[in-house]
Chemist: 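Before we start, here is the structure in question, set down as structure tokens.
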Protein chains: 2
Amino acid sequence: MRKGFLILTSVVRKGFLTCIFVKEADLTTQRARGGRVTIHDLARVAGVSVSTVSKALNDNGRMAAETRARIKRMAAEIGFRPNALARGLLSSRSFTIGLLTNDTYGRFTLPVMAGISDALVDHGVSVFLCAIEDDPALGKVHVDAMLDKQVDGIIATGKRIDRSLPVDLAGLPVPVVYAFTAGASDSVTFTADDAQGAALATAWLKKLGRRRLVHITGPEDFVSVRERASAFASEAGEGGSVRYGVWSESWGHQAVADLWSAGGPLPDGIFCGNDQIARGVVDALRERGVKVPEDVSVIGFDNWEILAEQTRPPLTTIDMNLKELGREAGLMVLALAEGRPAEPGLRKLPCKLVVRQSCGGAQTN
Amino acid sequence: MRKGFLILTSVVRKGFLTCIFVKEADLTTQRARGGRVTIHDLARVAGVSVSTVSKALNDNGRMAAETRARIKRMAAEIGFRPNALARGLLSSRSFTIGLLTNDTYGRFTLPVMAGISDALVDHGVSVFLCAIEDDPALGKVHVDAMLDKQVDGIIATGKRIDRSLPVDLAGLPVPVVYAFTAGASDSVTFTADDAQGAALATAWLKKLGRRRLVHITGPEDFVSVRERASAFASEAGEGGSVRYGVWSESWGHQAVADLWSAGGPLPDGIFCGNDQIARGVVDALRERGVKVPEDVSVIGFDNWEILAEQTRPPLTTIDMNLKELGREAGLMVLALAEGRPAEPGLRKLPCKLVVRQSCGGAQTN
DNA sequence: GTTCTATGAGAAAAGGTTTTCTCATATTGA
DNA sequence: TCAATATGAGAAAACCTTTTCTCATAGAAC
């Protein structure tokens with residue numbers, strides 16, 4: 001065996017065993033790199049230059065079809081995968097985006113994240129998740145770290161459309177898309193269509209023959225609360241009334257107690273601002289001996305499955321299609337990163353009705 | 001003004017306005033780069049070479065203290081931040097790790113993620129979140145993408161310690177740390193100390209004077225269920241019995257119904273396998289007219305705040321310190337990435353008791 | 001046999017940073 | 001004044017990939 005040389009790998013090609021000799025120094029280099037195989041290794045093994053390898057793998061340049069195929073085959077054999085850092089340095093595309101979020105429990109962020117990831121993984125894009133927990137300093141640290149890492153874009157997401165993240169994303173050198181959080185007026189923003197969702201819920205109650213409708217919802221300072229209440233009011237007509245409160249089960253309980261002790265005509269349909277309130281309402285009604293859905297239909301909002309499915313009876317509710325929203329936001333930020341233009345403005349995505357048992361009515365939809 | 005030159009920026013230094021002239025070609029380059037300022041721009045502005053700038057900013061090499069300070073000041077002025085891609089290419093450290101997860105709802109993953117991020121953001125490390133949803137193909141795609149991006153390490157996390165992710169992480173060129181999921185025997189794995197947590201819960205019930213104890217928990221094929229049950233049994237002594245079921249509220253309801261209709265002596269303390277079961281138990285007891293905590297103390301497991309706080313009364317429960325677990329896993333993967341050695345094996349982190357009202361007893365702890 | 005074209009493949013530069021090596025100048029001592 | 005040393009700063013290579021440009025060879029046409 002040649003002195004100072006070692007066998008790197010042996011390849012069986014066309015039935016012949018070919019031994020590849022590499023200088024010991026090269027192997028040492030390779031060790032230091034963590035055993036990663038580079039395009040140079042592949043070129044050496046294939047007996048061509050690195051440029052030829054690159055062109056072969058990227059279907060660029062002119063070359064004999066046989067050469068291209070052979071190089072591709074050997075690349076697969078030795079497990080060559082191009083270093084995305086080097087690639088990104090050259091192309092100024094890192095195939096990486098950042099997801100900035102405010103939402104600690106992830107009730108909104110996780111489905112959105114799932115949609116983003118789902119849409120972008122096919123494009124080779126990975127997602128940095130940065131939870132900033134309402135802390136401006138932490139937000140800045142994360143944004144700086146993302147920019148240092150040359151993210152191709154940023155998606156900012158929060159819990160409500162009428163508050164912005166505690167960090168300034170204007171004037172960044174990368175595109176920013178907002179989801180469920182407020183952006184500048186000339187930015188691209190995605191949110192759920194609250195009015196349409198509320199109308200959907202109210203129409204469903206009416207379709208089931210309910211006429212004395214109440215909307216028990218969250219704090220009036222949420223713009224989405226006002227939009228839903230307004231849509232509810234116009235859909236419900238004369239019979240509809242709205243009660244504002246907080247986003248908790250106990251508010252649902254209390255609202256039922258208030259209604260049933262008020263002495264007026266009792267509602268036969270209740271549209272709740274979220275599934276937690278609905279859970280409280282359903283529990284309170286059961287405790288009063290009011291039958292759901294026989295006496296009263298209750299519909300929630302959010303389709304927070306882990307809660308909606310465990311309620312007795314399971315909640316019919318409105319789903320904001322958060323995963324789809326994430327998917328669209330992901331594709332949008334990708335488009336912007338690739339220089340494709342997009343019209344700024346607020347995009348409202350439709351909600352859908354999820355029928356379980358708390359309203360009665362057809363299970364099929 | 002000089003032809004072919006443009007003002008890049010103007011700097012006020014020592015009271016003098018200094019105009020920096022750059023060739024138009026350079027500016028065009030700059031534009032194409034997305035307006036990012038490089039070390040070359042900084043070197044030009046500071047009137048030194050790039051190597052001097054690099055050494056100044058990294059506190060390397062010999063140079064006049066005044067020069068170093070001046071370069072640092074100008075770097076801050078023009079907002080220079082080194083390109084992490086270029087840096088990573090050279091150092092083979094990307095300051096990036098991947099978090100692989102199985103857990104769609106993120107009940108476990110999100111706190112763990114928060115801990116990881118919290119521990120690593122100070123070290124300039126960002127985290128790729130990859131949800132693979134039990135899909136081996138998707139898992140491979142994500143792992144490959146992370147490796148291409150030269151992550152410094154991977155943290156694998158799941159929902160239970162006795163199942164592994166549907167993707168092979170052995171023999172990867174980067175360190176892997178497991179949290180709440182099974183790894184190879186020679187790997188570093190973190191999990192909560194189920195036995196200690198269960199003992200803590202049981203001891204708390206006993207300390208409150210409860211003697212007829214029941215443990216209502218999840219499926220017996222979970223190793224954590226068996227460990228908790230075993231610890232419960234030895235702590236509870238003669239009076240303790242265990243009922244296995246599923247992880248749902250309705251199982252909590254049913255278990256209470258079973259117990260109260262069995263005709264034997266009724267329990268005065270119930271330790272539940274998770275907060276959902278505890279919620280079901282508490283609701284069922286209230287509906288039977290059994291007072292919690294006066295007649296029966298109920299304690300949960302998980303400290304899933306959004307559920308525990310909304311239960312009536314709010315749940316006393318065991319917290320698995322998931323954020324701390326994430327923090328330790330993050331620091332561990334960082335240590336391994338930096339070549340510091342670590343002993344393989346399973347590390348069990350202690351749980352803590354969170355006192356609310358479902359057991360009675362002191363609010364202070 | 002000679003010139004032109006087509007084809008295949010290699011050389012080199014670029015991307016932004018860090019590190020090592022080299023060089024020039026200033027300072028010290030004799 | 002000259003040599004030796006200390007000091008500050010620049011040049012160049014390296015990391016890995018892609019792309020453009022150039023070159024060599026084979027075949028075709030005259």
Side-chain angles (χ1 to χ4, degrees), chain A residues 25-26 28-44 46-71 75 78 80-95 124 147-150 173, chain B residues 25-26 28-44 46-71 75 78-95 124 147-150 152 173:
Chain A
D26 290 352
T28 310
T29 308
Q30 175 144 9
R31 281 244 183 70
R33 272 200 318 270
R36 238 98 160 197
V37 35
T38 75
I39 199 172
H40 288 93
D41 301 321
L42 177 51
R44 200 179 322 117
V48 295
S49 72
V50 290
S51 24
T52 302
V53 171
S54 175
K55 285 183 293 188
L57 297 181
N58 295 307
D59 287 325
N60 277 347
R62 292 179 312 198
M63 104 185 24
E66 192 275 333
T67 309
R68 200 183 290 277
R70 183 171 56 90
I71 293 174
I78 69 171
F80 167 73
R81 314 210 85 221
N83 181 325
L85 262 40
R87 206 177 222 181
L89 189 55
L90 203 54
S91 65
S92 46
R93 284 285 315 275
S94 66
F95 288 92
L147 292 178
D148 289 353
K149 279 159 191 145
Q150 311 291 115
Chain B
D26 291 351
T28 311
T29 309
Q30 176 144 8
R31 281 243 183 68
R33 272 199 320 268
R36 238 98 161 198
V37 33
T38 75
I39 200 173
H40 288 94
D41 301 321
L42 177 50
R44 201 179 323 118
V48 294
S49 73
V50 290
S51 24
T52 302
V53 171
S54 175
K55 285 182 293 186
L57 297 181
N58 296 307
D59 287 325
N60 278 346
R62 294 178 311 197
M63 100 185 29
E66 193 274 336
T67 309
R68 201 183 289 276
R70 183 171 56 88
I71 292 174
I78 70 172
F80 167 73
R81 314 211 86 221
N83 182 325
L85 261 42
R87 204 175 225 183
L89 188 54
L90 203 54
S91 65
S92 48
R93 284 284 314 274
S94 66
F95 288 91
L147 292 178
D148 290 352
K149 281 160 190 142
Q150 312 290 117
D152 297 333

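It should be emphasised that the depicted structure is a prediction, and the values quoted were computed from it without experimental measurement. Here is the naming used below: chain letters follow the sequence lines, and residue numbers restart at 1 for every chain.
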Chemist: Calculate the interatomic distance between B:Leu89 atom CG and C:dG15 atom C1'; express it in whole Å.
Modeler: 9 Å
Chemist: On the nucleotide D:dT18, are OP1 or OP2 found under 4.0 Å from the side-chain N or O atoms that A:Asn58 carries?
Modeler: yes
Chemist: In whole angstrom, give the distance that lies between atom NE2 of A:His40 and atom C1' of D:dT18.
Modeler: 12 Å
Chemist: My understanding is that only residues two or more places apart in sequence, or in another chain, count here; which of them pass side chain to side chain contact (heavy atoms under 4.5 Å, CB included) with A:Val48?
Modeler: A:Ala46, A:Thr52, A:Val53, A:Arg70, A:Ile71
Chemist: Check the distance between C:dA14's P and B:Arg36's CZ and give it to me in whole angstrom.
Modeler: 21 Å
Chemist: Name all pairs fulfilling the salt bridge (Lys or Arg N to Asp or Glu O under 4.0 Å) condition that reach into residues 82-91 of chain A, sequence neighbours left out, sorted by first residue then second.
Modeler: none
Chemist: Whole angstrom is fine here: how far is it from CZ in A:Arg93 over to P in D:dT18?
Modeler: 14 Å
Chemist: A:Lys149 NZ to C:dG15 P: how many Å, rounded?
Modeler: 24 Å
Chemist: Quick one: B:Leu85 CG to D:dT17 P, roughly how many Å, whole number?
Modeler: 13 Å
Chemist: Using atom CD1 of A:Ile39 as one end and atom C1' of D:dT19 as the other, report the distance to the nearest whole Å.
Modeler: 12 Å
Chemist: In chain order, what residues pass the salt bridge (charged side-chain N to carboxylate O under 4.0 Å, His left out) check against B:Arg81, with sequence neighbours excluded?
Modeler: A:Asp148
Chemist: For C:dT18, does either OP1 or OP2 sit under 4.0 Å from a side-chain N or O belonging to B:Asn60?
Modeler: no
Chemist: Tell me, please, which residues at least two apart from A:Ser54 pass side chain to side chain contact (heavy atoms under 4.5 Å, CB included).
Modeler: A:Ile39, A:Asn58
Chemist: With a 4.0 Å cut-off, would you call B:Arg36 and B:Asp41 a salt bridge?
Modeler: no
Chemist: If the condition is side-chain hydrogen bond (donor to acceptor under 3.5 Å, both in side chains), which residues does A:Thr67 pass it with, not counting sequence neighbours?
Modeler: none
Chemist: Base contacts versus sugar-phosphate-only contacts with protein, heavy atoms under 4.0 Å: please encode nucleotides 4-11 of chain C as B, S and - from 5' to 3'.
Modeler: ---BBBBB
Chemist: Can you tell me the distance, in whole Å, between the CG atom of B:Asn83 and the P atom of C:dA14?
Modeler: 17 Å
